[in-house]
Amino acid sequence: ILYSYFRSSCSWRVRIALALKGISYDLVPVNLVKDGGQQFSAEFKALNPMQQVPALKIDGIILSQSLAIIHYLEETRPNPRLLPQDLKKRAQVRMIADHIVSGIQPLQNLSVLKQMGEKKTEWAQNCIASGFQAVEQILQHTAGRYCVGDEISMADLCLVPQVANAERFKVDMGPYPTITRINKALLELEAFKVSHPSRQPDTPAELQA
């Protein structure tokens with residue numbers, strides 16, 4: 001069971017991993033805006049004390065934090081693999097994923113933006129642009145068709161949702177041609193399409209594909 005919110009980029013990472021690995025699941029929507037935020041309910045806090053999505057019930061345990069979930073899926077269901085066998089490439093994948101998951105996304109997530117008031121769009125744009133400058137520079141050394149070489153990896157699962165965030169906050173993507181090229185290639189793949197925020201059970205009608 002995946003506890004998810006259609007617009008959550010962290011949830012989208014996990015949805016992509018589940019789709020790539022062909023793991024079927026039931027989706028339980030947790031609306032981060034409605035009712036003051038359904039993630040703050042006592043019921044959900046029992047599932048994830050951090051009161052964030054995603055959370056995944058699998059193999060008799062409950063996991064939260066998108067990368068922890070993806071690592072578990074990788075270790076228990078290794079095909080297709082999301083970490084390269086080459087150790088240097090594997091480290092590069094983790095580095096890019098961490099840049100996005102730790103260095104960009106948390107600075108522009110809902111809980112932070114709520115505190116920024118009228119400056120929230122400007123704040124989000126600055127956080128994303130600053131992070132993307134670094135990621136673009138790294139990708140110029142690591143990228144093939146995708147973030148690291150020509151195989152889909154955990155880094156790609158983090159990149160696509162973050163680009164969607166950038167587009168939502170109207171970040172100028174002109175300075176990031178490598179990010180833009182890789183994102184376009186990934187969005188043509190079925191796993192990225194079916195997991196897209198516009199195609200979730202809890203997507204509002206006006207935002208559905």
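This is a predicted model, so every value here is computed, not measured.
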Partners passing ring pair (Phe, Tyr, Trp, His ring centres under 6.0 Å) against His196 (at least two apart in sequence or in another chain): Trp12
For Gln108 against Leu113, the heavy-atom pair lying closest together: O-CD1, 3.4 Å
CG on Leu83 to CD on Gln92, rounded to 0.5 Å: 12.5 Å
Sequence neighbours excluded - ring pair (Phe, Tyr, Trp, His ring centres under 6.0 Å) pairs with any residue from residues 139-159: none
Ser102 side-chain N/O to His99 backbone N/O, donor-acceptor pair under 3.5 Å: no
Salt bridge (Lys or Arg N to Asp or Glu O under 4.0 Å) involving Arg181 - partner list, sequence neighbours excluded: none
Closest approach of Ser195 to Ile16 (non-hydrogen atoms, all atoms of both residues): OG-CG1, 3.2 Å
Side-chain heavy atoms of Ser9 within contact of Gln105, under 4.5 Å: yes
For residues 201-209, tabulate all N or O donor-acceptor pairs below 3.5 Å that involve a side-chain atom, not counting sequence neighbours.
from, atom 1, to, atom 2, distance (Å)
Asp202, OD2, Phe6, N, 2.9
Thr203, OG1, Pro197, O, 2.5
Thr203, OG1, Gln200, N, 3.0
Thr203, OG1, Gln200, O, 3.0
Gln208, NE2, Thr203, O, 2.9

Nearest-0.5 Å distance that lies between atom SG in Cys158 and atom CD1 in Ile100: 5.5 Å
Sub-4.5 Å side-chain heavy-atom contact between Leu159 and Ile179: yes
Pairwise salt bridge (charged side-chain N to carboxylate O under 4.0 Å, His left out) hits with a residue in residues 77-97, at least two apart: Asp59-Arg77, Arg81-Glu151
Spacing of Leu187 atom CG and Ile182 atom CD1 [to the nearest 0.5 Å]: 12.0 Å
Sidechain-backbone polar pair: Glu136 side chain, Thr178 backbone, donor-acceptor under 3.5 Å: yes
Given Ile96, Val135, Val93, the one that forms side chain to side chain contact (heavy atoms under 4.5 Å, CB included) with Thr142: Ile96
Minimum-distance pair of heavy atoms, taken over all atoms of Ala185 and Leu189: O-CG, 3.8 Å
Minimum heavy-atom distance between Val112 and Pro106, given as atom pair plus value: CG2-O, 3.3 Å
Closest contact, heavy atoms only, Ser4 versus Ser11: OG-CB, 3.4 Å
Pairs involving residues 65-76, ordered by first then second residue, that meet salt bridge (charged side-chain N to carboxylate O under 4.0 Å, His left out) (sequence neighbours left out): Lys21-Glu74
Side chain to side chain donor-acceptor pair (under 3.5 Å) partners for Arg7, two or more places apart: none
Side chains of residues 39-46: which donor-acceptor pairs under 3.5 Å do they make with residues two or more places apart or in other chains?
from, atom 1, to, atom 2, distance (Å)
Ser41, OG, Gln38, O, 3.1
Ser41, OG, Phe44, N, 3.1

Pairs satisfying ring pair (Phe, Tyr, Trp, His ring centres under 6.0 Å), at least one member in residues 69-96, at least two apart: none
Closest heavy-atom pair and its distance - Ser66, Cys10: CB-O, 3.5 Å
Can you list, pair by pair, the side-chain donor-acceptor contacts under 3.5 Å of residues 122-130, counting residues two or more places apart and other chains?
from, atom 1, to, atom 2, distance (Å)
Trp123, NE1, Leu107, O, 2.7
Gln125, NE2, Phe169, O, 2.9
Asn126, ND2, Glu122, O, 3.3

Distance (rounded to the nearest 0.5 Å) between Tyr3 OH and Ile62 CD1: 6.5 Å
For Phe132, ring pair (Phe, Tyr, Trp, His ring centres under 6.0 Å) partners two or more places apart: Tyr176
Straight-line distance of Ile104 CD1 to Asn165 CG, nearest 0.5 Å: 9.5 Å
CG-OG1 distance between Leu139 and Thr180, expressed to the nearest 0.5 angstrom: 10.5 Å
Pair listing, ring pair (Phe, Tyr, Trp, His ring centres under 6.0 Å) test, anchored in residues 45-70, at least two apart: none
